[in-house]
Colleague: 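This is the structure I want to talk about, given as structure tokens.
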Amino acid sequence: MIRSDFNAIYVIVARELIKFVREKGRLISTLARPLVWLFLVGGGMSKMVSPDMGVPYIQFIFPGIIGMTILFSSIFSSISIIWDKEFGFMKEMLAAPVSRFSIVVGKALSGTAVSTIQALVILLLFPVIGLKLGIIQILFILCISIILSFCLSALGILIATFYENFESFSVIMNFIVMPMFFLSGAMYPVRLLPPVLGIFTRINPLTYGIDALKYMVLPEKKLLTQDFPLGLDISVIAVTSVIFVVIAANVFERRK
Amino acid sequence: MSIITVENLTKKFGPIAAVDGISFGVEKGSIFGFLGPNGAGKTTTINILCTLLSLTSGKALIDGHDCMKESSEVRKKIGIVFQDNTLDKELTAYENLLFHSYLYNVPKNDRKPRIEDALNFVGLYERSNEPVKRFSGGMKRRLEVARSIVHQPKVLFLDEPTLGLDPQSRTSLWEFISKLPEKHGVTIFMTTHYMEEAEICNKIAIIDKGKIIAQGSPEDLKKMVGGDVIYLKTKDNRKAIKDIKEALNLDAEEQDGEIYLSAARGDACIPTLIQTLADMVISVRLQRPTLNDVFLKLTGKAIRPEAVSGGNEIKEAIRSYRRKFDK
């Protein structure tokens, strides 16, 4: 990697973080969604649903809620590419003597940074819902959050490359983001789903991320929470990340 | 020596040729104007030269580098002020330029002084640390010009730089732009459809429907529509016409109590005229052809500087819409 690419990646991430810090409302508003789901949905459902092995429902969905935080904030952060296109700032980046690859990686790392910060805020709520996590567990959860954030940010960029304007926003929300969330095992174990839907969960990278998070959050309840081996989870996330970045960089490279 | 060379450049979008076999060269250190109505192919040409669009056929070279094959070399050598605003409005003026200097790999120790120089040059140094969203349209444009010179490009592209600005901002922007070649040694390639703005160019190409229909210096182009016209009011028009014919061998005619004659260089002609007619002259005025007359003559229609598109307002609306969605 040459120096100019490194500079470009650095400055793209820096820009995103500066804006993230300045728009204080953004942090609060993006954290509101997982909080509502965790306490209003999770808390309410706990009275009705009781998974086996004595895990309260609110604890069962906790890894899923971390995954949700990462999903929404990564995809939204990447979709800022569409706003950049709309408001012209993208041209400033595309006309610069930097490789398209570094623009894509820079954008993906911006999403990673922003999402990981938010995931960490949600993660630190664990004592409130009665979970006990050791420092090692927290570090591992953080590591998984980082690679999952990168993967989903890269996916967001790939989605954004196909849209030219913001009107597609609700399409992306309703047909990509929400189904990805529900078909990820966040709210219920994947193996309970009918086989047809099971296929969708298996091609959903978020499933593997949440699976790995479940493993870390509730390690002694593996039978209940784990659908895939941890090694598979991490490999799937890593491989899909690379695929998303490469395709997105290629789409960017194409000149009309 | 030509720093931009374009040969037989064609760009087709499907069956439609937006740019149709144009050729021109731009001298180093000069100001080159690309003139034409909206949709003539100006922005398409700029986008090809800036390596943002591919070309269908022909050749485009900047400083000896092929715009298609050596895009990263070309990008290092050019600066661009796009038609639409491309600043990040949430960032400050300084931050926008800093972002740019990282993207263009400006050496670490040069970043601060160059950014400060550029901000000084366009008179925005005092407002370095203000977010761009508080800037007026004219200030944003000036900031974009400042940004485009931070990495010391060899060629600067300005696509309709004054579009949507009020007359005062336009004048002050041109002051900065016209100083650039001398001060920073750049070659300027600009497009505009304001004919009077093209007067500062050393060379102009007039483009219509994807084809260059004339090129040359503003003076050359104006000669195409004939020379200047001098209007005179005299105490005795008939005698004046006769005297002019005898002394200068120029044909003057009378219309509405005024006599008029055309001359290649009207300004140089006036002193002799007044000497010839002595104290018969009551008033003199000189009318010079404008580039608009040239365009009118070549295409049979005038370039109308149309009202600013509602684009910016729409974009602002989108922005607030977006904010709502984010929350």
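Chain naming here is simple, since letters A, B, ... match the order of the sequence lines and numbering starts at 1 in each.
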Colleague: So, are A:K91 and B:E144 salt-bridged, with charged N and O less than 4.0 Å apart?
Modeller: no
Colleague: Taking all heavy atoms of B:Y104 and all of A:A95, pick out the closest pair and write down the distance.
Modeller: OH-O, 3.4 Å
Colleague: If I measure from the heavy atoms of chain A, does B:F99 come under 4.5 Å with its side chain, its backbone, both, or neither?
Modeller: both
Colleague: Answer with side chain, backbone, both or neither: which region of B:H151 has an atom nearer than 4.5 Å to a non-hydrogen atom of chain A?
Modeller: neither
Colleague: Of all the heavy-atom pairs spanning A:V98 and B:L103, show the shortest one and how long it is.
Modeller: CG1-O, 3.3 Å
Colleague: Give me the one residue out of A:R15, A:R22, A:K19 that meets salt bridge (Lys or Arg N to Asp or Glu O under 4.0 Å) with B:E95.
Modeller: A:R22
Colleague: Which answer fits B:L87, side chain, backbone, both or neither, if we ask what part of it has an atom under 4.5 Å from a heavy atom of chain A?
Modeller: backbone
Colleague: Could you state the interatomic distance from CD1 (A:I18) to OG1 (B:T92), rounded to the nearest 0.5 Å?
Modeller: 8.0 Å
Colleague: Counting only heavy atoms closer than 4.5 Å, note whether A:F72 contacts chain B via side chain, backbone, both or neither.
Modeller: neither
Colleague: Side chain from CB out, backbone as N, CA, C, O: work out which of these in A:I28 comes under 4.5 Å of a heavy atom of chain B, or both, or neither.
Modeller: neither
Colleague: From A:L94 CG over to B:C50 SG, what is the distance, rounded to the nearest 0.5 angstrom?
Modeller: 12.0 Å
Colleague: Identify the heavy atoms of A:P97 and B:K76 that sit nearest to each other, and give their distance.
Modeller: CB-CG, 3.6 Å
Colleague: Does atom OH of A:Y188 have more than 12 heavy-atom neighbours, drawn from other residues, nucleotides or ligands, at distances under 6.0 Å?
Modeller: yes
Colleague: When rounded to the nearest 0.5 angstrom, what is the spacing between OG1 in B:T86 and CE in A:M90?
Modeller: 12.5 Å
Colleague: Taking atom CZ of A:F200 as the centre, does the number of heavy atoms from other residues, nucleotides or ligands within less than 6.0 Å exceed 12?
Modeller: no
Colleague: How many angstroms lie between CD in A:E92 and CZ in B:R147, if you round to the nearest 0.5 Å?
Modeller: 3.5 Å
Colleague: Report yes if the side chains of B:N96 and A:F89 come closer than 4.5 Å at any heavy-atom pair, otherwise no.
Modeller: yes
Colleague: Is the count of non-hydrogen atoms from other residues, nucleotides or ligands lying under 6.0 Å from B:K211 atom NZ greater than 12?
Modeller: no
